[in-house]
There are 2 protein chains.
Amino acid sequence: MAQRNILQFIILGLVTDQPRTGYELTKAFDNDIGEFWSAQHSQIYPQLKTLEAKGWLTHTEEITGEKLNRKRYAATKSGKAALNDWLTAASEPVSGAKDEFVLKLYFIHDQTDARLKPMLTTQLIWHEQRRDHLRKQLATKFPNGADALDFGHFLILEHALHREEEYCQWLQAALAQLPGGMTN
Amino acid sequence: MAQRNILQFIILGLVTDQPRTGYELTKAFDNDIGEFWSAQHSQIYPQLKTLEAKGWLTHTEEITGEKLNRKRYAATKSGKAALNDWLTAASEPVSGAKDEFVLKLYFIHDQTDARLKPMLTTQLIWHEQRRDHLRKQLATKFPNGADALDFGHFLILEHALHREEEYCQWLQAALAQLPGGMTN
DNA sequence: TGTGGCATGTAACTAGTTACATGATTGC
DNA sequence: GCAATCATGTAACTAGTTACATGCCACA
């Protein structure tokens with residue numbers, strides 16, 4: 001995690017698509033891209049300053065009402081070049097996607113352990129909700145399947161959904177293997 | 001990432017299964033649990049000291065040959081209690097499993113973008129290797145399917161494999177949707 | 001007039017990575 | 001004698017989280 005600073009390229013990518021404020025960038029992590037990266041505003045605002053100092057971003061001030069002003073950031077030419085460099089560089093495939101719950105399971109050795117059923121059930125409920133939510137998102141945003149002009153977005157939403165589907169199937173299969181099987 | 005300190009519980013779990021040295025703990029992250037968590041020895045050795053200071057671990061010294069000695073750590077009673085507390089506590093399901101490659105895709109809007117094919121192909125090769133490796137692992141470690149006495153381990157290996165299978169299928173489907181489809 | 005959302009920032013801290021550093025053992 | 005692996009540690013740094021802090025705007 002140290003050192004790569006991937007966040008800066010995500011910000012660069014987002015403001016290249018359309019100029020945004022820090023607040024809007026923060027919100028972006030609540031939506032689709034939040035499936036694959038997260039960041040708080042306390043990390044985003046300082047990063048915007050750093051990127052502007054690097055000359056990769058510029059901002060213009062906007063005023064709403066009497067006083068409220070926000071800074072809308074856009075990528076400079078060199079910022080766009082940096083984004084392109086990142087996109088075309090080889091990405092080491094992610095190896096250790098961290099998952100606390102799965103680790104817990106690893107330490108439960110006995111198939112008859114009473115803790116298994118509630119643990120698996122709780123996770124299943126959560127991931128089913130997430131799966132259903134993603135299904136709706138996909139149906140809403142891409143009602144006709146792949147969009148040739150927003151293809152990457154379509155792909156990652158599909159991937160997020162399939163990932164949740166796999167998670168649910170795995171948990172269901174695990175529950176079915178518990179003593180008593182699907183009947184308890 | 002700040003604050004939860006999940007690593008301490010993983011160490012606690014590993015040494016509870018069997019007493020281990022710092023070196024052995026480091027190696028453990030190269031195997032199955034590395035699919036869901038990673039840690040370097042520079043993080044593990046200080047953590048072992050902290051856990052011993054907390055009274056959750058104790059160590060005994062072993063000597064190999066003339067001088068080389070290693071510290072073998074075991075969980076104390078309170079360490080085992082802390083492990084159990086962690087295992088039984090509700091785990092917030094993981095939300096943002098970070099994946100740099102997927103984020104890059106998000107910023108490629110045009111289905112005809114020439115960068116797509118090499119990007120997807122490179123990833124596919126990597127994940128196919130990982131998938132094949134996991135298949136072999138599963139077949140070697142659990143030739144008869146689920147093991148009632150190492151059930152958690154079996155479950156997480158299965159999950160790791162299914163996850164890679166999903167990843168490969170998704171990448172293959174993405175490649176097939178590229179202009180020219182499966183023929184180029 | 002008050003609540004929820006818009007908007008921006010800083011401070012203090014923890015987790016995790018990379019690099020530095022040293023030495024012993026095993027086997028060829 | 002040399003290389004690979006076993007074995008343990010520290011230092012310097014970056015990334016990311018949580019909490020603190022402030023103020024405006026729209027709407028009911």
Side-chain angles (χ1 to χ4, degrees), chain A residues 1-11 15 19-30 33-34 36-54 57 59-73 92 94-100 103, chain B residues 1-11 15 19-30 33-34 36-54 57 59-73 92 94-100 103:
Chain A
M1 157 228 321
Q3 205 113 300
R4 293 289 334 276
N5 198 355
I6 289 164
L7 179 62
Q8 69 184 328
F9 298 112
I10 299 174
I11 291 175
V15 301
R20 292 179 212 234
T21 66
Y23 189 83
E24 286 167 353
L25 287 166
T26 305
K27 291 281 136 177
F29 290 94
D30 295 339
I33 86 165
F36 301 102
W37 208 272
S38 62
Q40 275 67 49
H41 77 274
S42 58
Q43 209 186 348
I44 290 168
Y45 287 110
Q47 192 60 242
L48 286 168
K49 282 197 173 176
T50 307
L51 290 175
E52 196 163 29
K54 270 193 201 181
L57 294 183
H59 79 265
T60 50
E61 303 226 333
E62 290 178 356
I63 292 166
T64 316
E66 205 58 32
K67 276 186 182 174
L68 178 65
N69 63 351
R70 57 195 158 205
K71 300 175 184 171
R72 188 166 299 275
Y73 290 85
E92 285 298 296
V94 67
S95 42
K98 299 193 167 184
D99 187 327
E100 184 179 3
L103 257 303
Chain B
M1 154 228 328
Q3 205 112 298
R4 292 292 331 277
N5 199 354
I6 288 163
L7 178 62
Q8 67 183 330
F9 298 113
I10 299 174
I11 292 175
V15 300
R20 295 181 210 232
T21 67
Y23 188 82
E24 287 167 353
L25 287 166
T26 305
K27 292 280 136 179
F29 289 95
D30 295 338
I33 85 164
F36 301 102
W37 207 272
S38 63
Q40 274 69 47
H41 78 274
S42 58
Q43 208 185 350
I44 289 168
Y45 286 111
Q47 192 61 241
L48 285 168
K49 283 198 173 177
T50 307
L51 291 175
E52 197 164 28
K54 268 194 202 180
L57 294 183
H59 78 266
T60 52
E61 302 226 332
E62 289 177 357
I63 293 167
T64 317
E66 205 61 32
K67 277 187 183 173
L68 178 63
N69 63 352
R70 57 195 157 205
K71 298 176 185 172
R72 189 167 296 276
Y73 290 86
E92 285 296 297
V94 65
S95 44
K98 300 191 167 185
D99 187 326
E100 183 179 2
L103 256 305

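Letters A, B, ... mirror the listed sequences (proteins, then strands); counts begin at 1.
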- Message: If you count every heavy atom of other residues, nucleotides or ligands that lies below 6.0 Å from B:Glu66 atom CD, does the total exceed 12?
- Response: no
- Message: Among residues 42-52 of chain B, which ones have heavy-atom contacts with DNA chain D below 4.0 Å?
- Response: B:Ser42, B:Tyr45, B:Lys49
- Query: Rounded to the nearest Å, what distance is computed from the NE2 atom of residue B:His41 to the C1' atom of nucleotide C:dA19?
  - Reply: 10 Å
- Can you check the B:Gln8 CD to C:dT14 C1' distance for me, whole Å? 12 Å
- Spell out, as yes or no, whether a donor-acceptor pair under 3.5 Å connects the side chain of A:Thr26 to the backbone of A:Gly22. yes
- Expressed in angstrom and rounded to an integer, what is the separation of A:Ile6 atom CD1 from D:dT14 atom C1'? 12 Å
- Note on the structure: When rounded to whole Å, the NZ to P distance for the pair B:Lys27 and D:dA4 reads 14 Å
- Message: With a 4.0 Å cutoff (strictly under), does any side-chain N or O of A:Tyr23 reach OP1 or OP2 of C:dT8?
- Response: no
- Message: Holding to salt bridge (charged side-chain N to carboxylate O under 4.0 Å, His left out), I want the full list of residues that pass it with B:Glu24, two or more places apart in sequence or in another chain.
- Response: B:Arg72
- Kindly say if A:Thr26 contacts the phosphate of C:dC6, meaning a side-chain N or O under 4.0 Å from OP1 or OP2. no
- Query: Within a strict 4.5 Å, meaning less than it, do heavy atoms of the B:Ile44 and B:Phe29 side chains meet?
  - Reply: yes
- Task: State, yes or no, whether a side-chain contact exists between A:Thr50 and A:Gln8 at a heavy-atom distance under 4.5 Å.
- Result: no
- Find the distance B:Ile10:CD1 to C:dA15:P and express it as a whole number of Å. 12 Å
- Task: Could you list the residues that satisfy side chain to side chain contact (heavy atoms under 4.5 Å, CB included) with B:Phe9, not counting sequence neighbours?
- Result: B:Leu12, B:Trp56, B:Trp86
- Sorted by chain and number, sequence neighbours left out, side-chain hydrogen bond (donor to acceptor under 3.5 Å, both in side chains) with A:Thr64 holds for A:Arg70
- For nucleotides 22-28 of chain C, read 5' to 3', which letter fits each nucleotide if B means a protein heavy atom sits under 4.0 Å from the base, S means only the sugar-phosphate is that close, and - means neither? --SSS--
- Message: Measuring to OP1 and OP2 of C:dG16, would you say a side-chain N or O of A:Lys98 lies under 4.0 angstrom away?
- Response: yes
- For B:Ala28, what residues pass the side chain to side chain contact (heavy atoms under 4.5 Å, CB included) criterion, not counting sequence neighbours? B:Leu14, B:Arg20
- Nucleotide C:dG5, atom C1' - distance to CD of A:Glu24 in whole Å: 14 Å
- Task: Quick one: pull up NE2 in B:His59 and CG in B:Leu51 and give me the separation to the nearest 0.5 Å.
- Result: 13.5 Å
- Specify the separation, in whole Å, of atom CD of A:Gln40 and atom P of C:dC13. 19 Å
- Item | Rounded interatomic separation in angstrom, taking NZ from B:Lys71 and P from D:dG9 | 4 Å
